[in-house]
Amino acid sequence: MLSQEIVDSLFPPDLPGPDHWEHRYPPRDVPEGAKVTRIAPSPTGFLTIGGVFTAMIDADVARQSGGVYLVRLEDTDQARFTEGAAEQFAEAFAYFSIEPDEDDRTGRYGPYTQSARAQTYLTYVRELLRRGLAYVDFATKQDLEELAARQRAAGALPGYYGTWAIWRDADPDEVAERLAAGEPYVVRFRSPGLSGNRVSFTDAIRGELSMDDNRNDAVILKSSDSEPRLPTYHFAHVVDDHLMRVNLVIRGEEWISSVPLHLQLFDALGFERVQYAHVATLMKQDGSSRRKLSKRRDPEATVTFYIEQGYPAPAVQYYLRGLANGRLAEMPLAEALAAPIRLSECGTAGPLVDTVKLDDISGDYIATLSGEQILAEVSTWAARFDPELADVLAVEPDLALRALAIEREGVPNPRKDLRKWADFRAVYGYVFSQIFELVTDPADARFGGLAPDVVRAVADAFAAGYQPPKPDIKGPDTEWFDQVRRLAAELGFAPSDKVYKQDPDAYPGSIADASQVIRVLLTGSRRSPGLAQVAGALGTEEVLRRIPAVSAA
């Protein structure tokens with residue numbers, strides 16, 4: 001064991017002791033039973049929907065208990081730092097209304113970024129070294145590779161432990177000489193675990209768990225030749241959770257295997273253990289099997305997918321809450337967003353992410369919004385992701401509202417084909433002359449194979465005798481549609497699909513085919529709301545600009 005003099009020489013002379021930090025970060029004044037939770041993303045990559053799922057549970061459990069939810073950026077892995085990741089975290093948390101209850105401006109337990117807390121960690125590394133619960137290690141990469149080869153040859157369990165830990169019981173004089181020579185070193189925790197020992201703990205989601213105790217001497221402070229001198233995640237999160245007075249750590253199930261090490265660190269530092277709750281990993285159905293949602297393979301795994309597609313945040317929140325607690329999926333949206341998430345109801349099998357289901361939920365939610373609300377949301381989304389559409393909406397807000405009213409306002413079952421803001425151009429873009437592309441080719445496949453001269457004849461007849469629909473039409477306008485029936489009869493179309501199918505050679509098509517010509521010319525699509533309402537929203541001038549385009553080309 002190194003002398004205190006040598007240990008202290010490894011650290012700044014003015015480094016505070018543990019009492020300093022305990023005084024600076026006192027126990028929180030929260031109600032009995034309140035939970036202090038945190039989400040701790042690492043800026044080594046961008047946030048996934050799984051991260052949002054966990055943060056949502058963190059925030060809800062803390063707030064429902066009268067506690068505190070915070071975000072701590074775990075950026076000790078500087079080598080893998082991803083530019084823009086921290087900004088993406090903040091955007092995602094804001095979008096889904098899971099911003100922290102405190103931050104560097106408002107909270108007294110910061111900084112909330114680990115790289116800004118370096119001095120704190122050094123205090124506790126020094127304490128472990130002083131007490132012989134950690135040691136200085138000079139093993140090189142080559143040393144570790146040779147150690148692993150010897151373990152394989154001997155059939156020993158891999159790892160850095162016991163007699164396999166090269167510097168665990170090194171001669172203090174040799175260690176001092178190496179330090180004096182300036183050789184780079186790391187600091188390792190002296191694990192009290194032994195092979196074969198078991199450790200048990202109670203997981204707030206999974207109940208009592210038992211597993212092999214940790215036997216490895218984990219690195220707790222990175223190499224002395226790196227600046228800034230930072231700890232590893234394992235050590236930093238224990239110190240931070242204690243000093244920030246976190247009492248419930250909700251995190252992904254991939255961390256379960258690390259619990260024995262983390263409990264050893266809490267005990268060695270004399271900290272009260274936190275309770276852990278390990279959330280099941282989000283899954284995807286892939287054929288007949290299930291697999292983890294993958295950032296590389298699945299666009300829906302990334303948070304940016306939901307923001308860029310313009311899924312309304314309440315719809316996504318409702319969907320995720322239903323994945324966390326099944327009973328919430330059975331409630332109306334507003335009720336489910338207010339009801340508590342219960343850790344006891346979180347399953348241990350990974351819930352399936354199904355974007356088809358999310359689309360349905362989102363469509364249902366959007367159908368409850370007014371035209372003004374939709375226009376505001378779409379305009380905000382388009383300003384960032386579809387500037388051309390944003391410009392059009394700014395110029396034509398009344399036209400947008402007329403389009404949004406079609407088969408939505410004043411009807412018992414409103415249309416639900418708008419499921420996210422990115423759908424707006426495809427669903428309603430046809431009403432705007434600035435972005436609508438006239439259909440000029442009579443052989444266009446959207447006409448369903450009708451002969452080009454028949455398409456032109458329908459367009460010419462409709463334009464020649466066009467009668468606008470009644471003002472403010474809400475439902476089908478049979479009188480308006482009579483003009484389509486008349487021209488179809490005059491041009492020899494069958495009065496129904498049934499009649500047409502009985503003798504297809506006798507007709508150019510059915511009345512439905514004639515109607516589709518008008519639909520395609522007005523909307524550019526074979527699917528649209530009722531034609532009378534579409535024509536009413538467009539106005540006579542625009543209708544008579546679009547219909548003849550196929551004949552003028």
Side-chain angles (χ1 to χ4, degrees), residues 46-57 59-60 88-99 282 293 298-325 328-339 341 351-387 389-390 392-394 397 400-401 403-409 411 413-429 529:
F46 295 110
L47 194 67
T48 66
I49 196 63
V52 168
F53 180 66
T54 303
M56 174 196 70
I57 298 173
D60 194 82
Q88 189 250 3
F89 298 162
E91 178 189 23
F93 294 143
Y95 189 86
F96 292 109
S97 301
I98 45 177
E99 293 171 291
L282 295 182
L293 207 58
D298 307 313
E300 67 271 28
T302 64
V303 173
T304 51
F305 168 79
Y306 300 88
I307 297 176
E308 290 175 359
Q309 288 295 305
Y311 280 98
V316 182
Q317 291 167 336
Y318 174 75
Y319 179 63
L320 293 178
R321 291 173 79 84
L323 294 183
N325 285 177
L328 301 180
E330 305 302 318
M331 297 180 182
L333 185 143
E335 185 180 337
L337 294 184
I341 293 175
L352 288 172
V353 173
D354 181 356
T355 53
V356 174
K357 176 66 173 176
L358 174 59
D359 281 348
D360 289 342
I361 290 171
S362 188
D364 289 343
Y365 170 73
I366 291 174
T368 69
L369 303 179
S370 68
E372 288 78 7
Q373 288 174 308
I374 294 174
L375 179 57
E377 293 283 357
V378 172
S379 297
T380 299
W381 172 86
R384 179 176 177 187
F385 298 107
D386 191 344
L389 176 60
V392 171
L393 293 175
L401 291 174
L404 285 166
I406 298 174
E407 296 182 5
R408 290 189 68 257
E409 295 184 359
V411 296
N413 297 303
R415 293 181 67 86
K416 297 179 180 178
D417 48 359
L418 185 61
R419 297 165 180 247
K420 50 188 180 295
W421 309 136
D423 294 341
F424 187 89
R425 181 186 277 261
V427 176
Y428 291 107

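Computed over heavy atoms, backbone and side chain alike; hydrogens, waters and symmetry mates excluded.
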Nearest-0.5 Å distance that lies between atom CG in Leu418 and atom CG in Leu404: 7.5 Å
Any idea which heavy atoms bring Asp354 and Tyr319 closest together, and the distance? N-OH, 2.7 Å
Using 0.5 Å steps for rounding, measure from the CG atom of Asp364 to the OG1 atom of Thr368. 9.0 Å
Residues which pass ring pair (Phe, Tyr, Trp, His ring centres under 6.0 Å) with Tyr318, listed by chain and number, not counting sequence neighbours: none
Of all the heavy-atom pairs spanning Pro312 and Tyr365, show the shortest one and how long it is. CB-CE2, 3.6 Å
Ignoring hydrogens and geometry, is there a side-chain-to-backbone donor-acceptor pair from Arg321 to Met56 under 3.5 Å? no
For Thr48 and Gly51, indicate whether the former's side chain and the latter's backbone hold a donor-acceptor pair under 3.5 Å. yes
Close side-chain approach of Tyr428 and Asp423, heavy atoms under 4.5 Å: no
In this structure, NZ of Lys420 is separated from OH of Tyr311 (nearest 0.5 Å) by 4.0 Å
Can you name the closest pair of heavy atoms from Ala55 and Ile98 and give their distance? CB-CD1, 3.6 Å
Of all the heavy-atom pairs spanning Pro529 and Ile406, show the shortest one and how long it is. CB-CG2, 3.2 Å
In Å and rounded to the nearest 0.5 Å, what is the CG to CG distance from Leu375 to Leu369? 12.0 Å
Give a yes or no on whether the backbone of Pro332 and the side-chain of Glu335 come within a donor-acceptor separation of less than 3.5 Å. no
Does the side chain of Phe424 reach to within under 4.5 Å of the side chain of Leu393, using non-hydrogen atoms? yes
Minimal heavy-atom distance between Ala315 and Ser362, with the atoms involved, is CB-CA, 3.7 Å
Return the NZ to CD1 distance between Lys416 and Ile366, rounded to the nearest 0.5 Å. 11.5 Å
Identify every side-chain donor-acceptor pair in residues 303-310 under 3.5 Å, counting partners at least two apart or on other chains, and give the distances.
residue	atom	partner	partner atom	Å
Thr304	OG1	Thr302	OG1	3.3
Tyr306	OH	Glu300	O	2.6

Euclidean distance, Gln317 CD relative to Asp60 CG, rounded to 0.5 Å: 10.5 Å
For Asp359, check salt bridge (charged side-chain N to carboxylate O under 4.0 Å, His left out) against everything at least two apart and list the hits. none
For Ala324 and Ile57, which heavy atoms make the closest approach, and how far apart are they? CB-CD1, 4.2 Å
Which residues pass the salt bridge (charged side-chain N to carboxylate O under 4.0 Å, His left out) test with Arg415, not counting sequence neighbours? Glu407, Asp417
Just wondering, do Leu47 and Phe93 contact through their side chains at under 4.5 Å, heavy atoms? yes
Apply ring pair (Phe, Tyr, Trp, His ring centres under 6.0 Å) to Tyr95 and list each qualifying residue two or more places apart in sequence or on a separate chain. none
Can Ile49 and Phe53 be said to form a side-chain contact (heavy atoms from CB on, under 4.5 Å), step by step? CA-CA 6 Å; Ile49 196 63; Phe53 180 66; 5.8 Å; no
Can you list everything that forms a side chain to side chain donor-acceptor pair (under 3.5 Å) with Arg408? Sequence neighbours excluded, please. none
